[in-house]
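If you read the sequence from its start, that first residue is 1, and numbering goes on from there. Keep in mind that the numbers below use all heavy atoms, side chains included, and drop hydrogens, waters and symmetry copies. Order of appearance sets the numbers: ligands from 1, and atoms from 1 within every ligand. Because the structure is predicted, anything quoted here is derived from the model rather than measured.
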Amino acid sequence: MNQNYFYVTTPIYYVNDKPHIGHAYTTILADVLARYYRSLNVPTFFLTGTDEHGQKVQKAADARRMDPQAHCDETVVRFQELWRKLGITNDKFIRTTDAAHKAVVQEVLQDLYDRGEIYKAEYTGWYCVGDERFFTEKDLVDGKCPECGREVTRIVESNYFFRMSKYQQWLIDYIETHPDFIQPSFRANETLGFLRKELSDLCISRPKSRLSWGIELPFDRDYVCYVWFDALLNYVSAVGYRRDQAMFEKWWPASYHLIGKDILTTHSVYWPTMLKAMNLPLPRTIFAHGWWLTGNTKMSKSLGNVVNPMEMVEKYGVDAFRYFLLAEMAPGQDASFTEEAFIARYNSDLANDLGNLLSRVLKMTLRHLQGVIPPAGPLQEEDRELLQTVANAVDAMEQALHAMKCDQGLAAVLNAVRAGNRYLEKTAPWTLAKRGDTERLQTVLHTAAEALRQIAILLLPVMPGKMTALGEALGFDPEEFAAQRIAELRQSGDFISGRVMRDTDGLFPRIQTEEKMQKSAAPVPAASPKTAPKTVLPGVADLITIDDFFKTQLRTAEILAAEKIDGADKLLKLKIRMGQEERQLVAGIARYYAPEAVIGKHIVVVANLKPAKIRGIESQGMLLAAKIGQELKLITVDGEIASGASVG
Ligand code: MSP
């Protein structure tokens, strides 16, 4: 990828809807990418905005007996306010009702019309109001819209058409020879599947008699422009197309158009053919992310299960919300949003792991060194190891961003956080203090504080507020810390000695859930009468003999590789080593562990379980894990022992 500049866009959102988690996700993802590229010193332009023309908006305005422009002016504020609350750092907010955008759209229309790329013809077909798209008889599914399943209306009228069909073969060739163009690659295949059928020309006008809310066609005042044709052009009009050549050349072609999977065809077929007709290069990558579901159910207004980002932010804070969305969704696949999953991840990653690391370093430094971060003495193997794990996380994050795998980048950073906690357990600075080994104590606290500094800089783009606070806790001025760049993380030097740590009120206070509070006080369930054995220990049902127990062969194993399974968001496929033997396991742990977070762990496996096929993949055993409520932890081995050792 051309690393000289980075231009990222979100879809422009229809103004008539309340912003929901889907809108928030794409915009936060774009924001995090923009902040990362800026942090890597890459000139960056981040565009978002609103789609304000078309039937949906006109209908919404009519229902409120308002002029459509006044309706848009009022509702656009919801998006602008939410973006402010979410810390979005877009360089421009485009509205398709901006005079500058409208003028560019009209020039493009006139130019394409003059060059014969747009022609007039009589059209008969089926129209879906919801999707604002025409369909032919054979496109319909059970007589309904193939996209949304709603009723369609038969329409006969004269309209203007863009000669999209003539670019069909060119587009197929382009997609086939540019693997980065549509991502993830299965979306490229989906587009190619669509292009295998005959492509029709695109109806780009609406007669004013039916819809007046749109940009007027410059060559026929009885028509307005089709809303998608107008909307897609925002990506070029916003960066100076036909107005500011220098600006346009600086930013076009875009690096990434981020979109949801439901608007793939408009972006991967309409838009490239429009650009081709305009003689413009195509964006480098159109990236279609999956959907946020509530549990396993599609979010919909009628089900009343749409997550309102404003509410989540008010309840849990903007940084935790941004972190959750980015860490939880593997871009490209669907993800599930539940408040329980949110709390579980918050408590485990932020309150426990990151919060703990900071609070340990802070407490020890305040108690033993008057809060002043000391210089390091000679480094030992374990110090170097921790700093190396953090350096690996810097690399992993950068690679993950280029591959649009932010969830994996964050998992690598959290891995470094956990390594920091293990480092403190191993080096035990509290014992060093007791023993009076000040030199080693200073080196350990210096190393842990330096690891924290780098981790905070790596996480700044995702949690700008909380990580600036972490920087403050490490003795930095907040403005100075917020301006720290990932590009400088690889420089060697001492950046922290002499800084005075400041006590923070707990960066990520643990969220207490009602379920948890009840559980800790809950009585242990009694055995059911059917299975109650003769001997009953308090809290234990169904006693077994030692022979029963030894029927299960438990053995230690090392995880060599792990990957997600397409279409199964709870499962990971693991390759494990058990002594001399390698096996494959399918484990339901994907909600709790990212694949790279489990590699290298020494776990406990039921070795004599009959192999079973899970989602068509053979699982040769079962791993052990502890689960309570929404939390799950792998059972791992304390210390070093060869894999394949028997457990019992
Ligand atoms: N106005 C068009 C886009 C024009 S771009 C030139 C539009 N707007 S929208 O407001 O309806 O949708 C905006 C985005 O929200 C789409 O990318 C859509 O995929 C996304 N989402 C809507 N519901 C979603 C989820 N539940 N989860 C994730 N994203 C979802 O389409």
- Task: Would you mind listing which atoms of ligand 1 come within a distance below 4.0 Å of any non-hydrogen atom of G290?
- Result: 28 (C)

- Message: For Y25 and W292, I'd like to know if the aromatic rings sit close, meaning centre-to-centre distance below 6.0 Å.
- Response: yes

- Residue and atom name of the nearest protein heavy atom (relative to atom 28 (C) of ligand 1), distance in Å to one decimal: G22 CA, 3.4 Å

- Task: Mark up the atoms of ligand 1 that fall under 4.0 Å of a heavy atom belonging to D262, in ascending order.
- Result: 18 (C), 19 (O)

- Query: I12: heavy atom below 4.0 Å from ligand 1, yes or no?
  - Reply: yes

- Test: E216 and R221 ion pair at under 4.0 Å: yes

- ligand 1 contact on Y25 by region, counting heavy-atom pairs under 4.0 Å: neither

- Should you measure from each heavy atom of G260, which atoms of ligand 1 turn up under 4.0 Å away? 17 (O), 19 (O)

- Item | Salt bridge flag under 4.0 Å for residues E157 and R206 | no

- Query: Do K208 and W213 come close enough that some side-chain heavy atom pair is under 4.5 Å?
  - Reply: no

- Atom of P595, atom of L572 and distance for their closest heavy-atom approach: CG-CD2, 4.0 Å

- Going by heavy atoms, is W228 under 4.0 Å from ligand 1? yes

- Task: Could you tell me the residue and atom name of the protein heavy atom closest to atom 13 (C) of ligand 1, and the distance to it rounded to 0.1 Å?
- Result: Y13 CD2, 3.4 Å

- Enumerate the atoms of ligand 1 whose separation from the nearest heavy atom of D51 is less than 4.0 angstrom. 1 (N), 2 (C), 4 (C)

- Between Y346 and Y316, does the ring centre distance come in under 6.0 Å? no

- Query: How are the rings of Y174 and F181 set relative to one another: parallel (under 30°), tilted (30 to 60°) or perpendicular (over 60°)?
  - Reply: perpendicular

- Query: At a 4.0 Å threshold, what atoms of ligand 1 neighbour a non-hydrogen atom of H289?
  - Reply: 28 (C), 29 (N)

- Task: Verify whether the ring centers belonging to Y160 and Y119 lie closer than 6.0 Å.
- Result: no

- Item | Proximal ligand 1 atoms for H267, defined as those under 4.0 Å from one of its heavy atoms | 5 (S), 6 (C)

- Item | Ring geometry between Y256 and F287 (parallel below 30°, tilted from 30 to 60°, perpendicular above 60°) | perpendicular

- Note on the structure: Of all protein heavy atoms, the one nearest atom 25 (C) of ligand 1 is W291 CE3, 3.3 Å

- Note on the structure: ligand 1 atoms nearer than 4.0 angstrom to some heavy atom of I263 are 16 (C), 17 (O), 31 (O)

- Considering only the protein, which heavy-atom contact is closest to atom 27 (N) of ligand 1, and what is its distance? W292 N, 2.9 Å

- Assess whether salt bridge (charged side-chain N to carboxylate O under 4.0 Å, His left out) is satisfied between K261 and D334, documenting all intermediate values. CA-CA 10 Å; K261 63 181 181 183; D334 289 347; 3.0 Å; yes

- Query: Identify the closest protein heavy atom to atom 22 (C) of ligand 1: which residue and atom is it, and at what distance?
  - Reply: H20 CE1, 3.4 Å

- Out of H23, E52, K298, whose heavy atom sits nearest atom 10 (O) of ligand 1? H23

- May I ask whether Y14 has any heavy atom positioned less than 4.0 angstrom from an atom of ligand 1? yes

- Check ligand 1 against Y235 and write out every atom of the ligand that is under 4.0 Å from a heavy-atom position of the residue. 5 (S), 6 (C)

- Message: With a 6.0 Å cut-off on the ring centroids, do H23 and F79 count as close?
- Response: yes

